[in-house]
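Report on the structure given below.
To find a chain, count down the sequence lines: A is the first, B the second, and so on, and within it residues start at 1. Values below: all heavy atoms of this structure, side chains included; hydrogens, waters and symmetry mates excluded.
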Protein chains: 4
Amino acid sequence: MKTPNPARRSERSRRAILSAAFDLVAEAGYAKLTVEAIAARAGVGKQTIYRWWPSKGAVFVDAVLSLSEDDTGGLSLPDTGDLRADLSGVLRAIVDEYNDPRLDAMSRALTAESLADPTLNSEITARILGPLLEVTKDRLRSAQRAGQVAADADLSVAVELLYGPIYHRWMLRTHPLTHEYADTVVEFALRALEPAH
Amino acid sequence: MKTPNPARRSERSRRAILSAAFDLVAEAGYAKLTVEAIAARAGVGKQTIYRWWPSKGAVFVDAVLSLSEDDTGGLSLPDTGDLRADLSGVLRAIVDEYNDPRLDAMSRALTAESLADPTLNSEITARILGPLLEVTKDRLRSAQRAGQVAADADLSVAVELLYGPIYHRWMLRTHPLTHEYADTVVEFALRALEPAH
Amino acid sequence: MKTPNPARRSERSRRAILSAAFDLVAEAGYAKLTVEAIAARAGVGKQTIYRWWPSKGAVFVDAVLSLSEDDTGGLSLPDTGDLRADLSGVLRAIVDEYNDPRLDAMSRALTAESLADPTLNSEITARILGPLLEVTKDRLRSAQRAGQVAADADLSVAVELLYGPIYHRWMLRTHPLTHEYADTVVEFALRALEPAH
Amino acid sequence: MKTPNPARRSERSRRAILSAAFDLVAEAGYAKLTVEAIAARAGVGKQTIYRWWPSKGAVFVDAVLSLSEDDTGGLSLPDTGDLRADLSGVLRAIVDEYNDPRLDAMSRALTAESLADPTLNSEITARILGPLLEVTKDRLRSAQRAGQVAADADLSVAVELLYGPIYHRWMLRTHPLTHEYADTVVEFALRALEPAH
DNA sequence: ACTTAAGCGAGACGGTACGTCGCGTCTTCTC
DNA sequence: GAGAAGACGCGACGTACCGTCTCGCTTAAGT
């Protein structure tokens, strides 16, 4: 099992494969994605796929990631000084994404894939989720300095207080995801995090 | 598509199929579960499976559910008067379950399945998750009457404040799930829910 | 394995089964005949078929035979004194039957069935073919008495001289089966059988 | 329905499939031949069979044909000048073949298959039966030139006069097939074909 | 006339084989 | 030497029928 020489890799094929994978999922759902279909649609031999990716899940994750990285990093988290507004902004944005059927389907597919394959899970965590949590923590740290958040609050838990409820509701479809809901979550979180009184 | 006559259904086969499915997942993981293996292990024709379940996922969900329903309701939620202790009890119990590799694998398989098939999702929600959320809300309602929780708090959100962070951490494997973590979550949640001061 | 009591046999079911079998073959060909289809079409339980016939081939053969026995014995072989004319009559009649697509298909199905199952073969031979050969031999015997056929000719072979070529051509589709052909065969056969000169 | 590229066809698989099919029929009879068994015995995927043959019948016919074509033409028909002896030779040889249980079974299977599938019928006719009839006609033509057979005899019918009775007796099992029988048939045929006297 | 057991319709069952799909590997030929 | 093309061995799919096996129901026979 010799590893191929990346220098020789065809950029045209790489792109074609990723975009074929993405389009196929968009059209028919992740469950119907097959390596053969990707190869056919991309005008590529199957071997070319297997040479560079370990599984079709990896191709798909790559496809999604390469797309989301074309954006300037997805969600931003401004620091206007108004913590409540800043957090509400992110959460509402996330709610909007989950309410877009296209993105919803993609996210669920990605999640399902990551459940079955720990490798993909870490990749997703590292490349999508991690950065989001990080910038959020940054914002909370800044709020700590401003005395809006208890100095001793564990920020790793704090971010989960924000994103956990949203994620829970999205994954389990217990109730609709709305902007009000996002705001309620922010409200609760801020109360939980506020300095001792 | 004629629906079979349930009156004639063989109880012996039903049981054999469910327990075969469960055992196979326990032994080799959900990814390797096949209808043929279930049929073989259960000593049953494939058609008998397809006659009564639409997919192997449905069989598996049924298997898990029928098992979890042999227990008299699984998790209980006592009302000792000490809200913090009561909640900490449930969350720690859940953390323990997620830390049991067997149950962890089952839950992830169940979750992955429910991502791909909304029907299963609702079934799981209705038969496993729903009851848990319900008893939790009951406990919180009792706490409201006792003045430990703000009277106007939206309890649907409140339960997500409790379970959301745990679920988030479990699903995304961002950090280890510990009893301390459970307690921290309870702490934050109680602070968020406490009556205005 | 107790043999069922024929006295209790339902005549209505028997008829329904035979005619369902016959019709199904007529409609879709023998290859697509199934026991389940016969049962369904006849409004009969499968067990009723298995109780009275050993195989679907047997049902079909029975169906054909029961039909052909409604006729007064099928082909007749008159003795007008004109041997050539009498034989030409039968052979032409047989040729006509083989040229009827319905009968052609039935005969081929019957033949195929008898190839796979020696039991059916003997039944067919006994109930359809045998009588034909017998009456033909009778006619030839009468011709022997009239001095038109060599006294020492082996009549078992003689009839095969008549039917063999026709059968050969029908089975193997080497050439079309026509009345002229029937007459040529009769001509050759008579020449082969004529008394020494 | 894209047709596969024959250039890429694996010769090794082709051979293995044909010989597996042949052996399986020899061992257990045509009725028990299955595509799965062929594939398993040949060490081949089922798809490889379906890629190149339309049905298991076609595989079997191919198997038989490819074997019979390894022989340099099978039956020969010498021209010794003695027509009776030459014809008796072929008919006796054919009788011998039909009396070999192995060949008998093969021939019946082949015949049954050709009854159900006209395509196979023509193939068999073209590759096995046709050549035999042709060399026989050649021999009779030579006999015509020698004045042993009527100049105006229709040779297509003549050959059926020879093979028809044998075939009839073999197929319908009315009487045993013996060398004497073969000779009797030749005798009758020669008498039928002899020039006017 | 009344049981009572057989035949019957229906159809679920354990199986075998079907013909198809997709996997991941391998081979051949091209650029 | 990477890539397009696609045949291959393999494993599983979901379906069609097989022949067997209960289920109630009906129906004729024998008390």
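Proximity of C:W53 to C:V35: side-chain heavy atoms (C-beta onward) are nowhere separated by under 4.5 Å.
With sequence neighbours left out, the side chain to side chain contact (heavy atoms under 4.5 Å, CB included) criterion links A:S19 to A:D23. Take B:A109 and apply the side chain to side chain contact (heavy atoms under 4.5 Å, CB included) test, not counting sequence neighbours, and it matches B:Y30, B:F60. In this structure D:R127 satisfies the salt bridge (Lys or Arg N to Asp or Glu O under 4.0 Å) test together with D:D62, D:E69, D:E123, sequence neighbours excluded. For C:R173, there are no side chain to side chain donor-acceptor pair (under 3.5 Å) partners, not counting sequence neighbours. With sequence neighbours excluded, the residues satisfying side chain to side chain contact (heavy atoms under 4.5 Å, CB included) with B:R12 are B:S10. Under the rule for a salt bridge (Lys or Arg N to Asp or Glu O under 4.0 Å), B:D117 has no partner lying at least two apart in sequence or in another chain. Shown here are the side chain to side chain contact (heavy atoms under 4.5 Å, CB included) partners of B:T34, two or more places apart in sequence or in another chain: B:E36, B:A37.
Toward the 5' end of DNA chain E, the nearer of the two residues B:T48 and C:R51, judged by each one's closest nucleotide, is C:R51. Closest-nucleotide positions on DNA chain F for A:A39 and D:E11 were compared, and the one nearer the 5' end corresponds to A:A39.
The separation between D:N5 atom CG and E:dT27 atom P is 17 Å, rounded to whole Å. Atom CD1 in B:I49 sits roughly 13 Å away from atom C1' in E:dG15 (whole-Å rounding). Atom CZ of A:R41 is separated from atom P of F:dA5 by 15 Å (rounded to the nearest Å). One atom, CD1 of C:I17, and another, P of E:dG7, lie 14 Å apart when rounded to the nearest Å. Rounded to an integer number of Å, the gap from A:R12 CZ to F:dA4 C1' is 12 Å. The CZ-P distance, from B:R14 to E:dC13, rounds to 12 Å in whole Å.
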>> One character per nucleotide, please: for nucleotides 17-22 of chain F, 5' to 3', B when the base has a protein heavy atom closer than 4.0 Å, S when only the sugar-phosphate does, - otherwise.
In response: BBBBB-
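Near DNA chain F, meaning a heavy atom under 4.0 Å from it, residues 21-30 of chain C has no residue at all.
Phosphate contact (OP1/OP2 of F:dG3, side-chain N/O of A:W52, threshold under 4.0 Å): present. At F:dA7, none of the side-chain N or O atoms of D:S13 fall inside 4.0 Å of OP1 or OP2 (strictly under the cut-off). A:R9 has no side-chain polar atom (N or O) that falls below the 4.0 Å cut-off from OP1 or OP2 of F:dA2. Phosphate contact (OP1/OP2 of F:dA7, side-chain N/O of D:S10, threshold under 4.0 Å): absent.
Of the inter-residue distances, the one linking D:E11 atom CD with D:R15 atom CZ reads 4.5 Å to the nearest 0.5 angstrom.
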